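Data block below; observations after.
Quick caveat: nothing in here was measured; it's all calculated off a predicted structure.
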Amino acid sequence: MSDDWKNGDPFADPQDPAALEREQRRLEREEKRRKREAKRSEKEAAKQRPPAPEPPAEPPPPPRTPEQEFWDEDPEPIETPSADPSEPKSKSTEPVPPKSEPRAAESRAEAPSAAAAAGAAAASAADPTPTPAPEQPIEQSWEAEPPPPPDADIWGDEGDPAKVRAGGRGRRAGRGGDGGRGGGAATAIGRLRRHPFRIAGVIVLVLIAWFLIALFQPFHGDGSGQVQVQVPKGSSVSEVGDLLGEKGVIDSSTLFQIRVTLEGKRSSLYAGSFTLAKGMSYGDAIEALSTPPVKRVTTVTIPEGYTRSQAAQLVEEDGVPGSYTKKTIKSKYLDPADYGGKGGKDLEGFLFPNTFELKPKAPVADLVELQLKDFKRQIKKVDLGFAKSKNLTVFDVLIIASMIEREAGIAKQRKLVASVIYNRLKDGMPLGIDATIRFATGNYTKPLTESELGIDSPYNTRENVGLPPGPINSPGLDGIQAAAHPAKSDFIFYVNKPNTCGVLAFSATEDEFEADVAAYNKAREANGGNEPTTCGE
């Protein structure tokens, strides 16, 4: 087909002024539409977006093709081109907004492309096959962002505003919120699982912390109420801790002992009566027990080897009301028959010697009760196996112990004196112990007379074979132990060594004994008939 039909057609001429004018107006309308769309999108985004941090800047969308822009623009009245180029062109009723210099420069740069597009449009009118329009150059403007795509593309990769808010919160939580803490804890637990030694270290640290808090009790109170605690004399730290634990004063006897040891006060705790509180801290309890108690008691000390009559005098001097002699004949707290003393006429030998504390104005019966209960505790410490093998009862051991207390003189001789008694009993010899005669006569200080040495009494061991009817005093624990476990010897005699204080000369034969007696008498004559001892020097 000939192309002569295009001659005179203004659309076929790319340099036609009318075509250029139309293209210029189209570009201006497109620019206005883009600005309106951008403003509308910004307003809608401002309404829908939550007050959250701006998402990261997204890259600009890809450029739109002329076809997309053509079909998206608003329809406008078709303008019939005038045959006469000199005819004034009809202008759009819309005001053209002022364009900045960069925009004008871009418009000028696009002019040749617009002319080319006009020529392409004219060609497409003749050819039914659509011809793609040339791509428009990408516009870059530093004054306004390109309009976002419609619908979901408006939000780019972020998607729906609700999802953006949820995602934003998730990221913020991961960095420092609760989610971050949860993730950090999970990470820490995972690391501990991969390192068992760390788990063991954490457990050890927790146990150490618990132990230190339990031991030093930084948040413990002062306790409540009042508890009367009587700490016996000679009690160990463990016994004191057990006593305080039983009374509810402290929580743990073991921790109390550790605290006492750490504070260096194992030897600083006092015996006596204390007013404490329930649930005290270890530090407060230790401080209370380290302070000497205010004595509001009557203290009575019964020495070892004292008889009932001698003890009665001490008790009276200490101001204890009542008759000690009468209260020590018998008691509901102890029966001598239970220990083999069926013929015992009183409690002699069972009144254990010790220091006792009584309440002010407490009767003498309280003291007797304490002595008898103390005896029951102390006798359990004695192994009586050897004595029982010799057919001796507890009562017999007490009789022997009471004679040892008077005869031994010094502690290291107790078992030797016991061996002499055992050997004489074995041989059927009279014991010949003058201490039993002094008990019968009541003469404890002056030399025994001939009449006293020949007194008719079952306690006269010079005349009678075997043990006396009962103990002659109250022996202590050491005397009882010696009586239950005598030394192994052949001695059957002993006499005081002259010019000593209680030292005895032991002998196994009568000749040795007579020589020792002669030496003693000679020294006594040299001393003017007095005892040849050095105890008074």
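- Side-chain contact, Y520 with E531: a donor N or O sits under 3.5 Å from an acceptor N or O.
- Annotation: salt bridge (Lys or Arg N to Asp or Glu O under 4.0 Å) contacts involving residues 466-477, sequence neighbours excluded, are absent.
- With sequence neighbours left out, the ring pair (Phe, Tyr, Trp, His ring centres under 6.0 Å) criterion links Y422 to F386.
- For the pair G340 and F395, the tightest heavy-atom approach, listed with the atom from each and the gap, is C-CB, 3.6 Å.
- Looking only at distances, a side-chain donor or acceptor of Q371 sits under 3.5 Å from a matching main-chain atom of F352.
- Atom CD of E512 has more than 12 neighbouring heavy atoms from other residues, nucleotides or ligands inside a 6.0 Å radius.
- In plain terms, the two heavy atoms of G466 and L431 that are nearest each other are O-CD1, 3.7 Å.
- Using modelled atom types and a 3.5 Å distance limit, the side chains of Q310 and Y444 yield no donor-acceptor pair.
- Ring geometry for F350 against Y339 counts as tilted: the plane angle lies between 30° and 60°, on a 0 to 90° scale.
- Using modelled atom types, no side-chain atom of K265 and backbone atom of L289 make a donor-acceptor pair closer than 3.5 Å.
- Counted within 6.0 Å of CD on Q378, heavy atoms from surrounding residues, nucleotides or ligands total more than 12; the atom is thus considered enclosed.
- Atom-to-atom distance recorded for D346:CG and T328:OG1 is 6.5 Å, nearest 0.5 angstrom.
- Here the CD1 atom belonging to I400 is positioned 5.0 Å from the CG atom belonging to L392, to the nearest 0.5 angstrom.
- One distance of note links CG of L269 with OG of S235; it measures 10.0 Å at 0.5 Å rounding.
- The OG atom of S507 sits 8.0 Å away from atom CZ of F491, with the distance rounded to the nearest 0.5 Å.
- Within a 6.0 Å sphere centred on CD of Q228, other residues, nucleotides and ligands contribute more than 12 heavy atoms.
- Seen from the ring of Y459, R438 does not count as a face-on cation partner, given the 6.0 Å and 45° thresholds.
- In D456, the CG atom is not crowded: 12 or fewer heavy atoms of neighbouring residues, nucleotides or ligands sit closer than 6.0 Å.
- For R462 and D434, the salt-bridge test passes: some basic side-chain N is under 4.0 Å from an acidic carboxylate O.
- S253 and Q257 form a side-chain donor-acceptor contact under 3.5 Å, judged by distance and modelled atom types alone.
- The backbone N or O of P486 lies less than 3.5 Å from no partner atom in the side chain of S419, so there is not a single donor-acceptor pair.
- Shown here is E317, whose CD atom has more than 12 heavy atoms of other residues, nucleotides or ligands within 6.0 Å.
- Although no hydrogens or angles enter the test, the distance criterion places no donor-acceptor pair under 3.5 Å between the side chain of R308 and the main chain of K326.
- Within a 6.0 Å sphere centred on CG of D335, other residues, nucleotides and ligands contribute more than 12 heavy atoms.
- Heavy atoms only, all atoms of each residue included: V465 and G428 are closest at CG1-O, 3.5 Å.
- From N473, atom CG reaches atom CD of E405 across 6.5 Å, with rounding to the nearest 0.5 Å.
- N460 and S457 share no donor-acceptor pair across their side chains, judged by distance under 3.5 Å alone.
- The number of heavy atoms from other shown groups lying within 6.0 Å of CD (E239) is above 12.
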